[in-house]
Amino acid sequence: MEMQILDCDYVMLNGKPLIRIYGKDMKGETFCVFYNKFLPYFYLHVHDEKIEEAIKQIKDRYPEVKIETVEKFLPIGYQPPVKVLKITGIEPGKTPEMKEFCQRLGTPYEADILFKYRFMADFDLRGMSWIDVKGTFQKTNTVKCKAIEAETIKPIEILQNAPLKYVSLDIECLSDEDRFAVPEKDRIIAISLAFYPEYKNKKNLVILARLANINNNVIGCADEKEMLSKFLEIIDDYDPDILIGHNLNNFDLPYVLKRLELHQLPRSLGRSDKNAISRKLEYTHMPTVSGRIVVDTFEIYKRDPWVKFKRYDLGTIAKELLGAEKVELGENYIDTLRRLWAGKKDDLTKLVEYTQIDAELALRLVVERGVLDKFFEIAKLSGVLLQDCLGGQTQRHEFRLLREFSKRSYIMPLKPERFKTTPQIKGAFVLDPVVGLHDWVILLDFTSLYPSLISSFNICPTTFVMNGWKDENCITTPYGTKFVKPSIRKGILPSVVDDILANRILIRKQMKTATDSAQKRILKSKYLALKDLLNSLYGYTGYPRARLYVSDIANTITAYGRETIASTKKMVEENFPVKVIYADTDSIFIKADVNNLEDAEKLANRVSEFVSSKLLGLELKFEKIYKTFLIETKKRYAGWSFERDNGNWAEKIEMKGIETVRRDWCTLVSETMFDVLNIVLKEKDVKKAARHVRSTIDDLVKGKVSLEKLTIVKGITKSLDSYEGVQPHVELAKKIIKREFLKPSIVGERLDYVIIKGNQLLSKRAEDPKYVKEKGLEIDPRYYIYNQLLPPLERIFDICGISASELLEGSKQKNLLDMLNGQKPQLSPEETILSAFDSVVCKNCEWSFRRPTLSGNCPKCNSPLYFSGDGSIGKIVELKP
DNA sequence: GGCTCTCGGGG
DNA sequence: GTGTACGAGAGCC
């Protein structure tokens, strides 16, 4: 029988561990493979003369263990193999205790590797890979699928994936009190399921904790308990491989499990008799549902470095990626839900529709977007089970390396102790940029710089020279560390890098010839998975809690990186008529004396070839040309880029580190920023950009900017009196509570606000845009100019040689004051000062700031702030908004 | 510019 | 289950 591995666990049976591998065959049938001929073991390194004594002590304490002496290479430092004890136990669960006991006798190795992973490593089994099993079918009720007692298990190579079944779930709960639902008190009223492929010709099912007759896709139940039983029944019957939900790990799954427990129902969501669990620690979650994989769309999308969202709620992600709209329950969620739940058929139908769409969207975010494809391949390449690939990167490298180590008779260290302080790794080189607006800038970067360096210089814990060794056999690094030459011993880390690079070339070749679309899709995912693994390998070596963390090694890699980029700069400037204006980690930006794309490209290719030929094992690749390039500081730049795309030039405006989309900025700011950069970069007309800003300010003063563009959003996350300091949205919340005294609570809500004109402190002038519209209130242009528009724009204009005062003045009006006044009557003298202040000072403690604080008070001593400026020193006028 | 603190999704 | 794992952005000097 051939099947693809989905999950693996073990149980103790008759005093012996029984390994269970869950998987699927090509037809989609589920199996569980049992294997009972594997026992837990680990290694112990003790001083040669103490070996006999150690064996005796272990035997006395643990008579059941088997101890052998074997030859192994220790993982850190180049050295000959040593004798170590291999201690084989019976119960995996006893190993931690044995490990502690052995720590007094010597150094244990591999004593903290999960039993299932020990087994998988030794049998060369990998998550999502295929195995060939010979054995006999077993009758059992410990698992819910066909069980096979295996005689032999062999890995086999199959590219395709078995057909998987996905179910997405979303629950609705109702609390009687006015707070967020908690599973200890508040019941679940509805469970919504969405299936792929369909379940009994249905895409959706909603199970209600109330008798109802809505339609074929709704099952009414007498109460919550009946609903939960029905839910378990459907999961068993449909038998999904993948469980999906938005914030499933942190909300729906633990909630359902807790309610099942309270109703004394089995928590049997998995494929075995093991209870499903969902544990949270720090911030990451560890759901365990035997035989199935739990996928939380919130966690998956939040971790994805390629797509970024302003917010990660289901509505936002679904809208952006699927173009789908979520049903909104309106202003007061709890009240609406309560009303719908208590209502007649129409109300209930609305509730059903709401929860049904949520489950469906989460499902589509996985299936339609194919987000798991890459993780399938990461599992196959690293060996880690699919469920464990969805989390951090460390495990992937650790397990891959464990297998490479075992193959070569090396043993792995234990995980380092927690909270151990470790030396800081010195990071990459970032050149101080030549700040300004430049023409014709070429970007080149080293492909996979750190992995290439690991490979070129044989950098690995196993080749690391820790004591005197003949220099002619070593590579001495710029950090001062030494590694033996590959001719003496090739490192494991370099081998892994080479393997990934070779694999990548192979996959790229296969991608070109592949015709089948399913095959193409898998190859593409494989390529992405290889890229991910390669890019995160350096990070692993520099992670203090990695088994193979050696600070000298991480420091060696970055030192080589710094040396590479510095010598590249020198080399390029000495051999070509160019100036390097910026460099960061593995990329350099060079300013060239050219005036068209083709010449720039020719030059770039010459530079690329030259540097690549001089630096062995490295490739400096031509990336793109910036016709115009504006750099503010390290890591903050924008440019008009041109890149080859299938032979043609593709152009776009790029921004790095210049935040145009920030939650606490209104859209007017991002729009203006975007317009300004477009004008500056494409037309190189700074004056025109300044005019654009002035006209925006003009519109603002004249009240021509729509409230939507001025709305700022901030969440109220805790009770109002627990906020320290004065914040506009908190003050607004207080106002709203006062106005709508029937409103139960505001905690957990997101507040939209605009800043209006008035005589109070800034923060007291936050107001609900709807209220502003109703009452015909006016927004405060000064706030939007000084606190929103100016800060980001000022920096851009500054480096283009236009100061803030020039920005504000020079239009029809003489200065900001006149613009602010517009058609209005004259302001009081106190307000005049606002037109041209240089800074804000606190007269009490003499602290000074560039801009007024939101509270209007000094953050240090809380006394009122004063404006200073207007050209004349000493002319300080009290802030009267 | 660098460091510490907070908060996220969900009902 | 031989486990014990966050990271971006805001706020503050």
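Lettering follows sequence order; numbering is per chain, from 1.
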Given C:dC6, B:dG10, C:dG1, the nucleotide with the shortest approach to the side chain of A:E282: C:dC6
Sugar-phosphate, base or nothing in reach of A:F42, heavy atoms under 4.0 Å: nothing
Atom pair distance, as rounded to whole Å: CD in A:E100 and P in C:dT2: 16 Å
Nearest heavy atoms of A:L363 and A:I244, plus distance in Å: CD1-CD1, 3.9 Å
Pair A:R292 + A:D7: basic N to acidic O under 4.0 Å: no
Distance-only polar pair, side chains of A:D273 and A:T142, donor-acceptor under 3.5 Å: no
Touch class at under 4.0 angstrom, heavy-atom based, for A:L248 against every strand present: nothing
Of A:P92 and A:R303, the one whose closest DNA chain C nucleotide lies more 5': A:P92
Sugar-phosphate only, base, or nothing, as touched by A:L174 at under 4.0 Å among non-hydrogen atoms: nothing
Sugar-phosphate, base or nothing in reach of A:T633, heavy atoms under 4.0 Å: sugar-phosphate
Sugar-phosphate, base or nothing in reach of A:D9, heavy atoms under 4.0 Å: nothing
Centroid under 5.5 Å and tilt under 30°, A:Y283 to C:dG7: no
Below 4.0 Å: OP1/OP2 of C:dA8 and any side-chain N or O of A:Y312: no
Nucleotide of C:dT4, B:dG10, B:dG8 approaching A:D170 most closely (side-chain heavy atoms): B:dG10
Parallel, tilted or perpendicular: ring planes of A:F298 versus A:H246, cut at 30 and 60 degrees: perpendicular
Nucleotide of B:dG8, B:dG9, C:dT2 approaching A:H246 most closely (side-chain heavy atoms): B:dG9
Touch class at under 4.0 angstrom, heavy-atom based, for A:K415 against every strand present: sugar-phosphate
Separation of the C1' atoms in C:dG7 and B:dG11, to the nearest angstrom: 25 Å
